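Here the structure is laid out as structure tokens; the discussion comes afterwards.
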Amino acid sequence: QKEVEQNSGPLSVPEGAIASLNCTYSDRVSQSFFWYRQYSGKSPELIMSIYSNGDKEDGRFTAQLNKASQYVSLLIRDSQPSDSATYLCATPLAGSYQLTFGKGTKLSVIP
Amino acid sequence: EAGVVQSPRYKIIEKKQPVAFWCNPISGHNTLYWYRQNLGQGPELLIRYENEEAVDDSQLPKDRFSAERLKGVDSTLKIQPAELGDSAVYLCASSLDVPSYEQYFGPGTRLTVT
């Protein structure tokens, strides 16, 4: 199993809906997780971080971490066409400062 | 505050030719990262610098890749000779401190090797 796995999508949701992006991880990573957003042809941009079990909310974004099940999610409420991008899940390898990224999930929000 | 600056933005070269990428991190950021991102994949770390010291270069293909950050500020990544499989986007990122996973990425250099 790879350290971080994501469904590459594409995931299509209608405007105004909730988009749910998921990431599973192995035992070889630490317990800090980061969501980066990458628009087509652009560089990744950090949008959320989560370090402890449970939910963390920031505006329309909610990150959820479930350590027992080894998954982390990003929920986007009231999705907008401007949210259309690839969302990358990242986490450091255990005992390392090296971030390892998933392949990313491409989200399309349909007007 | 200016972001991470990279140049060139695009580069097309023939295989076996050398190529160099330049990065200037955000002012005051001591840690600098070079990543490679292949199409449809997440970024993969090539090398990490803390000031002028390369502290993690385990993923750098040392037979053809080299990097330097002589004065602890800007950095250069070189490939010599380039191979077809080197075609990718090369991203530079910086962060204020280590450990910090709040990394700020530059726009990247898209390399095409023909």
Side-chain angles (χ1 to χ4, degrees), chain A residues 2-11 21-26 28-52 56 58 63 65 72 74 85-107, chain B residues 1-7 9-10 21 23-26 29-51 53-60 88-112:
Chain A
K2 292 197 137 191
E3 287 86 8
V4 178
E5 300 211 48
Q6 294 181 258
N7 187 327
S8 60
L11 173 67
L21 305 159
N22 300 310
C23 172
T24 59
Y25 59 90
S26 74
R28 296 190 296 274
V29 304
S30 79
Q31 299 297 296
S32 304
F33 297 89
F34 306 87
W35 285 98
Y36 282 79
R37 177 176 61 199
Q38 188 171 26
Y39 292 113
S40 181
K42 302 295 185 182
S43 57
E45 172 193 15
L46 178 66
I47 56 171
M48 285 286 285
S49 58
I50 186 165
Y51 300 93
S52 56
K56 178 182 177 182
D58 184 1
L65 176 57
V72 57
L74 179 69
T86 295
Y87 290 81
L88 299 160
C89 173
T91 183
L93 294 175
S96 166
Y97 298 137
Q98 178 184 335
L99 268 182
T100 188
F101 286 82
K103 290 185 177 182
T105 298
K106 185 172 183 178
L107 172 66
Chain B
E1 178 182 78
V4 177
V5 178
Q6 289 188 250
S7 67
R9 293 293 311 280
Y10 305 91
F21 315 123
C23 171
N24 195 22
I26 293 173
H29 281 199
N30 299 321
T31 305
L32 183 147
Y33 314 77
W34 282 103
Y35 288 89
R36 176 171 58 189
Q37 187 173 24
N38 292 308
L39 191 64
Q41 304 291 320
E44 295 178 315
L45 182 70
L46 292 174
I47 189 168
R48 173 169 66 92
Y49 281 93
E50 291 181 23
N51 298 302
E53 183 181 359
V55 294
D56 186 352
D57 63 354
S58 57
Q59 308 268 50
L60 190 72
V89 175
Y90 290 83
L91 294 163
C92 178
S94 69
S95 63
L96 186 59
D97 294 306
V98 173
S100 174
Y101 309 113
E102 295 191 12
Q103 300 177 16
Y104 297 85
F105 284 82
T109 297
R110 182 176 297 277
L111 173 68
T112 302

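Because the structure is a prediction, the values reported are computed rather than measured.
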Is Glu45(A) in contact with chain B via its backbone, its side chain, both, or neither, using a 4.5 Å heavy-atom distance? neither
Could you walk me through whether Leu99(A) and Tyr33(B) pass side-chain contact (heavy atoms from CB on, under 4.5 Å), step by step? CA-CA 10 Å; Leu99(A) 268 182; Tyr33(B) 314 77; over 6 Å; no
pair Leu91(B)-Pro44(A): side-chain heavy atoms closer than 4.5 Å: yes
Quick one: what part of Gln103(B) sits under 4.5 Å from any heavy atom of chain A, side chain, backbone, both or neither? both
Check each atom of Tyr104(B) against the heavy atoms of chain A and say whether the ones under 4.5 Å are side chain, backbone, both or neither. neither
Just verifying a value: how many Å separate Tyr35(B) OH and Phe101(A) CZ, rounded to the nearest 0.5 Å? 5.0 Å
Taking Pro43(B), Ala93(B), Gly108(B) one by one, which has the highest count of heavy-atom pairs under 4.5 Å against chain A? Pro43(B)
